[in-house]
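No hydrogens, no waters, no symmetry mates; every other heavy atom, side chains included, goes into these values.
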Amino acid sequence: MKKKGESKLRIIPLGGLEQIGMNITAFEYEDSIVVVDCGLAFPEDDMLGIDLVIPDVTYLKDNIQKVKGFVITHGHEDHIGALPYVLREVNVPIYATKLTIGLIENKLKEHNLLRSTKRKTIRHGQSINLGAFRIEFIKTNHSIQDAAALAIYSPAGTVIHTGDFKVDYTPVFGDAIDLQRFAEIGKKGVLALMCDSTNAERQGFTMSERTVGRTFDNIFAEHKNTRIIIATFASNVDRVQQIINSAYKYGRKVVVEGRSMVNVITTAAELGYLKIPENTLIDIDHMKNYPDDQMVLVTTGSQGESMAASIHKKVSIKPGDTIIFSSNPIPGNEKAVSKVINELSAKGADVIFSDVHVSGHACQEEIKLIYSLVHPKYAIPVHGEFRHLKAQAGLAENLGIPKENIFIMRSGDVMEMDEESAAITGKVHTGAIMVDGLGVGDVGNIVLRDRQHLSEDGIMVVVLTLEKHSNQLLAGPDIVSRGFVYVRESEDLMGEARIVVEDALDECLNRRVTDWGRIKTVIKDSLGDFVWKRTKRRPMILPIIMEA
């Protein structure tokens with residue numbers, strides 16, 4: 001028999017590091033694996049046509065007999081969004097708090113997975129035993145309710161994973177973060193702290209969500225005679241609650257628009273996380289029955305993505321509308337958002353975007369507070385791009401954690417630790433799987449490269465018909481182009497291109513080349529060279545040969 005404590009705890013992030021989103025981490029001790037979160041990421045600009053990106057969970061599939069369950073910290077897409085895809089291959093129970101389970105069930109319903117997935121609702125302060133692990137849910141604050149930090153107890157030591165959090169002493173709903181519990185666990189000794197780094201570069205404290213409520217009140221008071229349209233994140237239930245409070249106070253009706261928004265609000269209201277006074281919420285079709293100064297429209301699309309708010313079929317922006325952007329642009333989206341603000345202002349709307357948002361993530365002082373309460377031996381910053389992780393590593397060092405005990409991990413790294421030592425000892429396979437429509441993983445880098453190519457230089461299709469045995473040319477070659485040049489104005493170019501293809505074809509047939517693959521290659525090369533010389537562009541060239 002092994003003595004207790006001889007094995008090490010292995011921590012394996014399968015996604016979510018060096019990026020915002022796609023959070024998923026495996027904790028492994030001997031023959032038990034517990035997975036924390038299972039999120040998606042939204043596609044980068046160069047992922048043309050991709051809807052979302054999910055983590056590659058090959059490691060979990062290969063060790064499926066060890067996997068005891070998914071433990072979820074909160075209900076945001078970057079923590080639960082990949083579950084419907086991953087559960088098909090790794091069907092293990094899900095443990096989470098009430099609202100989080102409600103939001104997960106919405107997803108499972110859509111994917112017909114409700115009956116095949118075990119799920120259990122856990123209260124804050126409760127613990128569950130999964131294999132060699134005991135996991136305790138600790139109350140935290142975030143921009144969605146029911147967020148939890150996790151204390152992960154293993155025979156090799158305790159790890160605290162904060163999930164996404166902030167310290168809000170006056171939350172809109174429910175209790176403040178349970179700082180006392182962090183301190184109690186810290187007193188008993190914590191091996192490692194995995195702390196949210198999203199705002200680790202920002203000094204000071206994150207403001208309370210309530211401050212936004214006061215700002216809304218002021219805006220509603222100042223704009224009594226206009227229609228108010230508010231764009232915010234669907235998942236920020238507290239924000240929506242404060243909008244409803246202000247609307248009710250000023251005698252306005254609220255319309256909720258956007259599928260994700262309607263889903264989240266319905267679930268939150270059913271579970272009692274959202275208090276909506278009677279007759280306040282109305283259907284978008286009834287909007288025309290009320291004057292503008294009695295309307296508030298809450299919509300998703302605060303990121304400039306398709307701007308769900310302004311170009312919605314049923315709502316046209318008119319001069320005098322007051323439009324509030326109640327969210328910060330996700331890094332990289334600033335341009336799109338600023339374009340939308342300009343468009344709206346040009347239509348005569350009054351656009352407000354300062355002081356109507358606070359972050360759901362801890363700034364430096366709150367991160368320091370958690371470190372001081374928990375006193376971890378090792379620090380592993382999580383949730384953020386490399387610069388955010390590095391900023392938190394700096395904070396940890398300032399608080400006296402030795403440099404060699406601070407680890408900036410990358411997705412796929414295997415960290416092995418116990419009381420004596422901690423080190424990155426290997427790597428497992430990780431990656432991003434792209435979801436496009438109903439296809440999961442069928443669009444890879446090669447397809448993306450083709451889409452990139454098509455988007456930059458377009459396509460030319462060459463069609464010709466050859467006789468079955470003699471290879472005589474019966475029809476064509478015809479050239480069709482899309483996204484390359486405007487054909488009507490480039491008839492000379494297309495005529496010359498056709499001659500080039502004819503010459504190439506004649507040459508093949510004279511040399512008695514019968515292999516169609518070879519013929520296609522010759523056509524492709526000669527047409528490609530001609531087009532490059534004339535236009536300095538390289539469209540994709542697709543020769544199609546038919547036989548008759």
Does [atom1] in [X] sit with more than 12 non-hydrogen atoms of other residues, nucleotides or ligands closer than 6.0 Å?
X	atom1	answer
Lys288	NZ	yes
Phe353	CZ	no
Tyr250	OH	yes

Between [Y] and [X], is there a side-chain heavy-atom distance shorter than 4.5 Å?
X	Y	value
Ile228	Ile324	yes
Glu365	Phe205	yes
Thr97	Gln145	no
Ile230	Phe216	yes
His388	Thr198	no
Leu130	Val71	yes
Val212	His357	no
Pro13	Val382	no

Which heavy atom in [X] sits nearest to a heavy atom in [Y], and how many Å separate them?
X	Y	result
Ala379	Tyr371	CB-OH, 3.5 Å
Val53	Ala432	CG1-CB, 3.3 Å
Asp37	His74	OD1-N, 4.4 Å
Phe165	Cys195	CE2-SG, 3.7 Å
Thr206	His361	OG1-O, 2.6 Å
Lys390	Ile408	CA-CD1, 3.6 Å

Checking [X] now: which residues fulfil ring pair (Phe, Tyr, Trp, His ring centres under 6.0 Å) with it, not counting sequence neighbours?
X	answer
His124	none
His161	His383
His111	Tyr85

Does [X] come within less than 4.0 Å of [Y], counting only side-chain N to carboxylate O?
X	Y	answer
Asp217	Lys249	yes
Glu201	Arg387	yes
Glu343	Lys339	yes

Inset, instruction - Applying side-chain contact (heavy atoms from CB on, under 4.5 Å), run through Leu344 and Phe325 and close with a yes or a no. - result: CA-CA 11 Å; Leu344 295 173; Phe325 276 79; 3.9 Å; yes
Is it true that a side-chain atom of [X] and a backbone atom of [Y] form a donor plus acceptor pair closer than 3.5 Å?
X	Y	answer
Asn23	Asp78	yes
Gln392	Ala200	no
Ser326	Thr232	no
Lys120	Pro93	no
Glu366	Cys363	yes
Thr280	Ile276	no
Asp178	Arg181	yes
Lys253	Asn279	yes

Legend entry - Steps toward side-chain contact (heavy atoms from CB on, under 4.5 Å) verdict (Val428, Asp62): CA-CA 11 Å; Val428 303; Asp62 293 348; over 6 Å; no
Let me confirm one number: the [atom1]-[atom2] distance from [X] to [Y], rounded to the nearest 0.5 Å.
X	Y	atom1	atom2	value
Arg252	Ile243	CZ	CD1	12.5 Å
Thr73	Ile138	OG1	CD1	12.0 Å
Leu40	Ile24	CG	CD1	11.5 Å
Phe27	Ser32	CZ	OG	13.5 Å
Asn141	Asp164	CG	CG	12.5 Å
Glu209	Thr211	CD	OG1	7.0 Å

Inset, instruction - Run the numbers on Val36 and Ile152 for side-chain contact (heavy atoms from CB on, under 4.5 Å), then give the verdict. - result: CA-CA 10 Å; Val36 171; Ile152 300 164; 4.1 Å; yes
Inset, instruction - With Arg227 as reference, evaluate Ile323, Thr322, Asp321 under the side chain to side chain contact (heavy atoms under 4.5 Å, CB included) test and give the passing residue. - result: Asp321
Inset, instruction - Would you check if there is a donor-acceptor pair between the side chains of Asp168 and Ser208 at a distance under 3.5 Å? - result: yes
Inset, instruction - Could you please spell out the steps behind the side-chain contact (heavy atoms from CB on, under 4.5 Å) verdict for Leu108 and Arg119? - result: CA-CA 11 Å; Leu108 298 179; Arg119 42 202 195 278; 4.2 Å; yes
Inset, instruction - Report the residues that fulfil side chain to side chain donor-acceptor pair (under 3.5 Å) with Asp292, sequence neighbours left out, ordered by chain and then residue number. - result: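 Applying side chain to side chain donor-acceptor pair (under 3.5 Å) to Asp292 gives Lys318.
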Taking only distance into account, with no hydrogens and no angle test, what donor-acceptor pairs under 3.5 Å do side-chain atoms of residues 268-275 form with protein atoms, sequence neighbours excluded?
residue : atom : partner : partner atom : Å
Tyr273  : OH   : Asp146  : OD1          : 3.4
Tyr273  : OH   : Asp146  : OD2          : 2.5
Lys275  : NZ   : Gly272  : O            : 3.1

Inset, instruction - Could you walk me through whether Asn245 and Gln241 pass the side chain to side chain donor-acceptor pair (under 3.5 Å) test, one step at a time? - result: CA-CA 6 Å; Asn245 293 350; Gln241 177 71 68; 3.0 Å; yes
Legend entry - For Leu395, side-chain contact (heavy atoms from CB on, under 4.5 Å) partners two or more places apart: Gln364, Ile367, Lys368
